[in-house]
Amino acid sequence: MNTDLELRVFSAPAELFPAAAAEFARLAHTAIRTSGRFTVALSGGSTPKNLFKLLAGLPAQDISWKQVYFFFGDERHVPPDDPESNFRMANETLLSKIPARPENVFRIHAEQDAETAAKDYEEQLVKFFNLQSGQFPRFDLIMLGLGPDGHTASLFPGSKGLSEMHRLVIANWVEKFNAFRITFTYPVLDHAACVMFMATGADKADAVRRVIEDKKQGPPAGRVSPIEGRLLWFLDRDAAAELPVGSR
Ligand code: 6PG
């Protein structure tokens with residue numbers, strides 16, 4: 001059993017998302033108090049939408065949005081106005097609703113060819129975090145989801161990206177989509193101060209069990225292991241249904 005994680009199981013999504021919003025706000029406060037800024041990488045897919053809407057609805061004084069720097073853990077290889085775009089989803093549910101500084105929103109320019117988009121985003125990370133060669137950025141928070149196949153960000157089972165240990169961002173070919181995805185690599189995920197997974201629904205239960213049961217041999221999401229950071233798993237009861245009784 002993967003023990004170095006903080007597992008929180010909620011009876012329903014309606015309980016999980018407010019708790020995730022509270023955790024987000026707590027982490028933002030601490031980071032802004034200690035370093036004057038909060039750096040967060042948003043996850044894509046459908047699960048974070050409800051959290052983003054909740055965050056957008058928070059009283060303005062709850063989070064100093066002008067000191068929050070937004071990045072994306074992965075992106076589909078589509079332009080920012082495409083219905084599949086993670087940037088578009090985050091912009092419609094959160095970024096366009098809060099007083100964030102536009103220059104503090106770092107989207108993946110996935111309208112370019114995938115390798116160029118990946119290299120461009122790496123350069124943005126190197127510049128923003130002032131990285132020397134071989135260094136990795138330390139995000140205050142990286143948000144991640146989980147696919148039924150156990151993928152996270154766009155690190156899919158069987159994909160080349162699983163073995164990338166030097167790059168920060170790569171164009172990862174995903175056979176089942178016959179398409180590239182642009183994604184953070186494991187070293188970036190593992191250098192975060194906090195990684196927060198959110199997964200809801202029965203279709204995730206098998207992947208959750210495999211991830212938590214076997215960190216090493218399990219699916220890609222199980223290999224995320226912050227070196228000096230927290231690993232949070234926020235699950236609803238359905239997603240946690242196959243976990244040993246004691247752990248949920
Ligand atoms: C993406 C995501 C991906 C997502 C999972 C879960 O671009 O799709 O970053 O990793 O988090 O696929 O997706 P759902 O939340 O839609 O189930």
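Just follow the structure's listing: the first ligand is 1, and inside any ligand the first atom is 1.
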Of all the atoms in ligand 1, which lie at a distance below 4.0 Å from a heavy atom belonging to [X]?
{"X": "Asn86", "value": "1 (C), 7 (O)"}
{"X": "Arg181", "value": "1 (C), 7 (O), 8 (O)"}
{"X": "Arg76", "value": "1 (C), 7 (O), 8 (O)"}
{"X": "Gly145", "value": "11 (O)"}

Where does [X] meet ligand 1, judged by heavy-atom distances below 4.0 Å: at the side chain, the backbone, both, or neither?
{"X": "His151", "value": "side chain"}
{"X": "Asp74", "value": "side chain"}
{"X": "Ala199", "value": "neither"}
{"X": "Ser43", "value": "neither"}
{"X": "Leu144", "value": "neither"}

Quick one: nearest non-hydrogen protein atom to [atom], plus distance?
{"atom": "atom 13 (O) of ligand 1", "value": "Gly45 CA, 4.0 Å"}
{"atom": "atom 17 (O) of ligand 1", "value": "Lys204 NZ, 2.6 Å"}
{"atom": "atom 6 (C) of ligand 1", "value": "Leu146 O, 3.4 Å"}
{"atom": "atom 15 (O) of ligand 1", "value": "Thr47 OG1, 2.5 Å"}

Notebook entry, point to check: Between Phe180 and Trp173, what is the ring plane arrangement, given parallel below 30°, perpendicular above 60°, and tilted in between?
Noted result: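 Ring orientation, 0 to 90° scale: perpendicular.
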Notebook entry, point to check: Phe184 vs Tyr121 aromatic rings, parallel, tilted or perpendicular, using cut-offs 30° and 60°?
Noted result: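 Parallel, since the angle between the ring planes stays under 30°.
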Notebook entry, point to check: Is Ala153 near ligand 1, meaning one of its heavy atoms is under 4.0 Å from it?
Noted result: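 Contact check Ala153 vs ligand 1: positive.
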Notebook entry, point to check: Is the closest heavy atom of Glu75 to ligand 1 under 4.0 Å?
Noted result: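 So Glu75 does not count as touching ligand 1.
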Next item on the list: Please check if any side-chain donor atom of Gln67 sits under 3.5 Å from a side-chain acceptor atom of Trp65, or the reverse.
Entry: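 No, because no side-chain N or O of Gln67 sits under 3.5 Å from a partner of the opposite role on Trp65.
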Checklist line | Test item: side-chain donor near acceptor, Thr183 and Asn172, under 3.5 Å | finding: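 There is no such pair (donor and acceptor under 3.5 Å, judged by atom type) between the side chains of Thr183 and Asn172.
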Check: Distance under 6.0 Å and angle within 45° of the ring axis: does Arg230 meet both against Phe139?
Finding: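 Not satisfied by the 6.0 Å and 45° rule.
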Notebook entry, point to check: Under 3.5 Å, side chain of Lys66 to main-chain N/O of Pro99, donor-acceptor pair present?
Noted result: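 Yes.
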Notebook entry, point to check: Is any NZ, NE, NH1 or NH2 atom of the basic residue among Lys176 and Asp149 found under 4.0 Å from an Asp or Glu carboxylate oxygen of the other?
Noted result: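 Answer for the salt bridge query: yes.
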Margin query: So that I can tick it off, tell me whether Arg167 and Glu115 are bridged by a salt bridge, with the cut-off set at under 4.0 angstrom between side-chain N and carboxylate O.
Written below: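 Yes, this pair counts.
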Item checked: Test of proximity, Thr152 against ligand 1: N or O pairs below 3.5 Å ->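 Not met; the criterion fails.
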Check: Is there a side-chain contact between Trp233 and Glu6 (heavy atoms, below 4.5 Å)?
Finding: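 No, their side chains stay 4.5 Å or more apart.
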Next item on the list: Specify the closest pair of heavy atoms between Leu168 and Pro137, including all atoms of both residues, with the distance to one decimal.
Entry: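 Result for this residue pair: CD2-CD, 4.0 Å.
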